[in-house]
Number of protein chains: 2
Amino acid sequence: MIEKLDRRQKYTRKVLKESFIKRMQEKPLSAITIKEVCESADINRSTFYSHYKDIYDLAFQIEDNIIEDISATLSAYNYSKNEEALQMTEKLLEYIAENRDSCQTLFSEHGDPRFQKKVMMLAHTHLLKTLEVENTNVPYNSEYLSLYIANGSIHVVQHWLKSGMKESPKEIAELITKLAKRGLSSFSDTPPMFSI
Amino acid sequence: MIEKLDRRQKYTRKVLKESFIKRMQEKPLSAITIKEVCESADINRSTFYSHYKDIYDLAFQIEDNIIEDISATLSAYNYSKNEEALQMTEKLLEYIAENRDSCQTLFSEHGDPRFQKKVMMLAHTHLLKTLEVENTNVPYNSEYLSLYIANGSIHVVQHWLKSGMKESPKEIAELITKLAKRGLSSFSDTPPMFSI
DNA sequence: TATTATAATAAACTGTGTGTTGATTAATTA
DNA sequence: TAATTAATCAACACACAGTTTATTATAATA
């Protein structure tokens with residue numbers, strides 16, 4: 001069921017969301033009050049409550065738009081095909097680069113950890129699929145492997161965003177893919193050892 | 001300057017900390033009020049303020065004890081010696097296993113993300129040292145590599161704690177070390193590729 | 001153990017944000 | 001233009017934060 005929104009409602013939600021993101025550039029979610037978001041958006045506080053349950057509900061709805069976009073990007077690729085993993089990662093990073101403003105804020109230290117967790121779980125689930133399809137001989141519970149890779153990767157992206165995106169999406173995508181596949185040995189001269 | 005504490009003060013802080021951890025098992029930091037912590041600890045709210053600035057200050061002090069312990073463990077090992085990396089990881093996991101109760105809560109989804117970040121940065125810094133000592137030919141900024149490994153590892157530990165610590169500290173230590181060194185290729189039959 | 005010092009308590013008070021309600025005003029759309 | 005619906009305004013009860021002051025209880029120590 002798709003909501004049909006009045007122009008006024010569209011405007012209200014738009015400015016509330018913008019005001020919220022602006023606040024989040026300065027302080028963490030838990031320190032942001034409904035009152036200040038409304039004041040800076042010039043929207044009556046009563047109106048806020050006819051759109052959102054509380055401040056977390058507003059945050060949730062902002063985050064969800066991005067989650068949906070990311071999910072769509074992930075679904076567009078076939079994971080059983082190994083070559084597409086790199087392409088997909090690159091595509092994802094390009095999306096983030098395009099939506100620099102909101103992504104940078106949501107992934108920052110002020111960002112909602114639940115959001116970051118959601119993105120991570122999305123990546124995690126997709127990774128699990130790949131691992132199970134292409135690698136049936138994984139000894140440990142793939143759960144651990146996938147969590148490791150998803151979280152490592154997300155923090156690389158986080159650092160990339162934080163430090164001003166000096167590298168291209170392609171470069172970061174390659175770095176992430178290499179680390180997942182061969183870890184540190186990707187970057188050393190010596191051939192990888194077969195036992196530690 | 002070491003604070004010399006009255007018995008009464010020791011008791012007050014002890015029960016407040018215990019009460020806080022108990023609350024945190026049920027809800028996130030941001031939802032915990034000073035009022036409820038004091039009531040469940042049977043300590044007057046005024047007394048709370050003579051010990052802590054606010055609820056975050058209390059959280060901070062609990063977390064700091066653990067941070068110090070972890071830091072001490074990390075410092076006890078020589079990172080330039082490759083063999084010790086595994087030993088150290090194991091030692092760290094043993095510490096966590098011993099302090100199961102508080103660690104499990106602090107690392108859970110209700111736990112303070114700042115704490116988790118602090119632990120991560122600690123691991124990150126120590127890792128950087130190793131990387132720089134033993135691997136001078138790392139092409140990228142080691143920052144990325146270290147962040148990747150530290151975060152991946154922490155989430156493996158988090159999952160381990162959450163799912164009831166079925167594996168031994170040794171097993172998890174080996175898993176983490178393998179993933180860092182050779183990534184997924186540690187677990188596949190086929191020899192690792194030299195380019196992706 | 002009696003004295004002194006200090007910590008904890010109790011009660012009151014101000015302040016700030018929350019969440020709700022009902023009447024009023026303004027904008028939208030058909 | 002009329003009917004509908006959204007936003008505003010003002011007022012309210014409520015909960016928790018943070019501070020203050022006087023009082024009571026406990027600990028350290030001479």
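Just so it is clear: chains get the letters A, B, ... in the order the sequence lines come, proteins before strands, and each one is counted from 1.
When all heavy atoms of A:Cys103 and A:Ile96 are compared, the closest pair comes out as CB-CG2, 4.0 Å.
Following rounding to the nearest Å, A:Lys10 (NZ) and C:dT28 (C1') show an atom-to-atom distance of 12 Å. Taking atom OH of B:Tyr11 as the reference point, atom P of C:dA8 lies 11 Å away to the nearest angstrom. Remark: P of C:dT18 and OH of A:Tyr52 are 16 Å apart, rounded to the nearest angstrom. As rounded to whole Å, 15 Å separates atom C1' of C:dT25 from atom CD1 of A:Ile43. The interatomic distance linking B:Phe48 (CZ) with D:dC16 (P) rounds to 14 Å, in whole Å. Computed from coordinates, the A:Asp57 CG to C:dT18 C1' distance equals 15 Å when rounded to whole Å.
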Original post:
Where do B:Phe107 and B:Phe115 land on the ring-ring contact (aromatic ring centres under 6.0 Å, His included) test, with the steps shown first?
Top reply: CA-CA 8 Å; B:Phe107 276 111; B:Phe115 168 71; 5.3 Å; yes

Original post:
ring-ring contact (aromatic ring centres under 6.0 Å, His included) between A:Tyr56 and A:Phe60: does it pass, once the steps are laid out?
Top reply: CA-CA 6 Å; A:Tyr56 295 99; A:Phe60 190 82; over 10 Å; no

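Taking the nucleotide of DNA chain D with the nearest heavy atom to each of A:Asp42 and B:Thr33, the more 5' of the two is matched to A:Asp42.
In the model, A:Gln104 has no side-chain atom that pairs as donor or acceptor with a side-chain atom of A:Gln25 under 3.5 Å.
Between the base of C:dG19 and the side chain of A:Arg45 there is a donor-acceptor pair shorter than 3.5 Å.
Taking side-chain N and O atoms only, A:Ser46 has no distance below 4.0 Å to OP1 or OP2 of D:dT8. Of the side-chain N and O atoms in A:Asn44, none sit less than 4.0 angstrom from OP1 or OP2 of D:dA7. Regarding contacts with the backbone of D:dA7, a side-chain N or O of A:Thr12 is found under 4.0 angstrom from either OP1 or OP2. A close approach under 4.0 Å does occur between a side-chain nitrogen or oxygen of A:His51 and OP1 or OP2 of D:dA7.
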Can you pull every protein N or O that's under 3.5 Å from an N or O on nucleotides 27-30 of chain D?
unit_1	atom_1	unit_2	atom_2	d
D:dA28	OP2	B:Arg7	NH2	3.1

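Closest approach to the A:Lys35 side chain among C:dT18, D:dC16, D:dA10 is made by C:dT18 (side chain taken as heavy atoms from C-beta onward).
Ring centroid separation for the pair B:His159 and A:Tyr144 comes in under the 6.0 Å cut-off.
Applying the side chain to side chain donor-acceptor pair (under 3.5 Å) test to A:Asp6 and every residue at least two apart in sequence or in another chain returns A:Arg8.
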